[in-house]
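By convention in this document, chain letters (A, B, ...) are assigned in the order of the sequence lines, proteins followed by strands, and residues within each chain are numbered from 1.
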There are 2 protein chains.
Amino acid sequence: MAFMISQRAFIKLYLITMVEKHQEYGYQMLESMKGEFKSYGYVPPQSEVYRALHELVQEGILYRTKKLKGSDPRVDFQEIVLYHFTDGGADKAKLYKEQIKADLDRCLGILHKAEQDNY
Amino acid sequence: MAFMISQRAFIKLYLITMVEKHQEYGYQMLESMKGEFKSYGYVPPQSEVYRALHELVQEGILYRTKKLKGSDPRVDFQEIVLYHFTDGGADKAKLYKEQIKADLDRCLGILHKAEQDNY
DNA sequence: TAATGAACAATATGTTCATGG
DNA sequence: CCATGAACATATTGTTCATTA
């Protein structure tokens with residue numbers, strides 16, 4: 001067992017939740033996380049977010065589609081990558097989240113213990 | 001700012017506290033931590049404990065002395081390395097602990113937020 | 001076995017660069 | 001600037017080996 005939860009796993013957890021909420025593409029998820037954690041001095045790096053998305057695809061939880069962002073293709077040709085749950089992906093995701101929950105609890109326990117033991 | 005506290009920093013925190021308690025040599029500290037965290041499924045690796053001790057020496061917080069473990073040198077020749085605070089080391093250690101405290105709080109906040117946001 | 005240390009291998013992460021619209 | 005991705009460099013770990021008594 002590792003010491004703390006990895007950043008990768010932590011980000012995947014948020015990505016899954018964001019896909020559940022149909023907040024569907026990478027840049028959006030990245031900016032969303034940046035905003036959420038700004039006050040904690042934690043800036044999730046772009047590379048990790050994309051790597052995490054790729055991993056979730058590798059693991060068969062998500063699949064990708066592409067579309068043009070704007071409604072009018074004459075104005076906005078920006079192609080974005082959307083992520084959705086595969087068949088069975090939602091279940092896998094649920095299982096994954098359960099495992100992460102246990103790990104988060106474990107980490108919270110360890111950190112809390114450290115505060116008790118050392119201060 | 002990093003995502004989570006590093007294992008290295010976490011171990012150093014415990015080492016400092018153990019030196020404060022005159023639990024003074026490496027192997028002893030290692031075994032102590034192993035015992036403390038057994039129920040968390042976390043096994044602090046030997047290499048990290050020694051590396052952390054070496055770093056604390058490099059940073060001028062601790063210094064080393066050696067002695068034979070047993071009281072009777074005819075029976076027990078095992079040489080052990082004892083760690084003590086240098087002049088000013090205790091103050092540096094106190095400062096270090098304050099910084100780690102802030103980081104522990106920050107990590108607890110992040111993990112707690114993750115549980116609220118995703119479950 | 002207790003005790004310390006170093007070497008080596010694998011991962012995880014951070015930073016920078018590249019691309020296109 | 002938005003959006004995605006890859007490359008590169010470094011830091012952090014985990015595992016194994018070496019040594020002494």
Problem - A/Lys94 atom NZ, over 12 foreign heavy atoms within 6.0 Å - result: no
Practice task
Give B/Tyr83 one of three labels, base, sugar-phosphate or nothing, depending on what nucleic acid heavy atoms sit under 4.0 Å from its own.
Solution key: sugar-phosphate
Problem - Basic-acidic side-chain contact under 4.0 Å: B/Lys101, B/Glu98 - result: no
Handout entry: Side-chain N or O of B/Tyr25 closer than 4.0 Å to phosphate OP1/OP2 of C/dT4
Key = no
Handout entry: Nearest-neighbour nucleotide for the A/Ile80 side chain, D/dA3, C/dG5, D/dG5 considered
Key = D/dA3
Practice task
Measure from CE on B/Met1 to P on C/dG14 and round the result to the nearest Å.
Solution key: 12 Å
Fill in the blank from the handout: A/Lys66 NZ to D/dT4 C1', in whole Å, measures 9 Å
Practice task
Using whole Å, report how far CZ of B/Arg8 lies from C1' of D/dG14.
Solution key: 12 Å
Exercise for the section: Nearest whole angstrom, please: distance from the C1' of D/dA18 to the OH of B/Tyr50. Expected result: 14 Å
Exercise for the section: Please tell me which of A/Val81 and A/Ala2 maps to the more 5' nucleotide of DNA chain D, matching each residue to the nucleotide holding its nearest heavy atom. Expected result: A/Val81
Practice task
Please state how far atom CG in B/Leu30 lies from atom C1' in C/dT4, giving the value in whole angstrom units.
Solution key: 11 Å
Handout entry: Presence of B/Tyr27 side-chain N/O under 4.0 Å of C/dA2 phosphate oxygens OP1/OP2
Key = yes
Problem - A/Met29 CE to D/dA3 P, straight-line distance once rounded to whole Å - result: 12 Å
Practice task
Would you mind classifying the nucleic acid contact of B/Gln46 as base, sugar-phosphate or nothing, using non-hydrogen atoms under 4.0 angstrom?
Solution key: base
Handout entry: Between D/dA7 (P) and A/Arg51 (CZ): distance, integer Å
Key = 12 Å
Practice task
Using the six-membered ring wherever Trp is involved, compare the ring planes of A/Tyr14 and A/Phe37 and label them parallel, tilted or perpendicular (cut-offs 30° and 60°).
Solution key: perpendicular
Completion exercise
Atom CD of A/Glu55 and atom P of C/dA12 are separated, to the nearest Å, by 8 Å
Problem - No-H, no-angle donor-acceptor pair, A/Ser47 side chain to C/dT15 base, under 3.5 Å - result: yes
Exercise for the section: Verify the neighbour count for atom NE2 of B/His112: are there more than 12 heavy atoms of other residues, nucleotides or ligands below 6.0 Å? Expected result: no
Exercise for the section: Please determine if A/Lys92 and A/Glu59 form a salt bridge, counting it only when a charged side-chain N lies under 4.0 Å from a carboxylate O. Expected result: no
Practice task
Classify the nucleic acid contact of B/Gln7 as base, sugar-phosphate or nothing, counting any heavy atom under 4.0 Å across all strands shown.
Solution key: sugar-phosphate
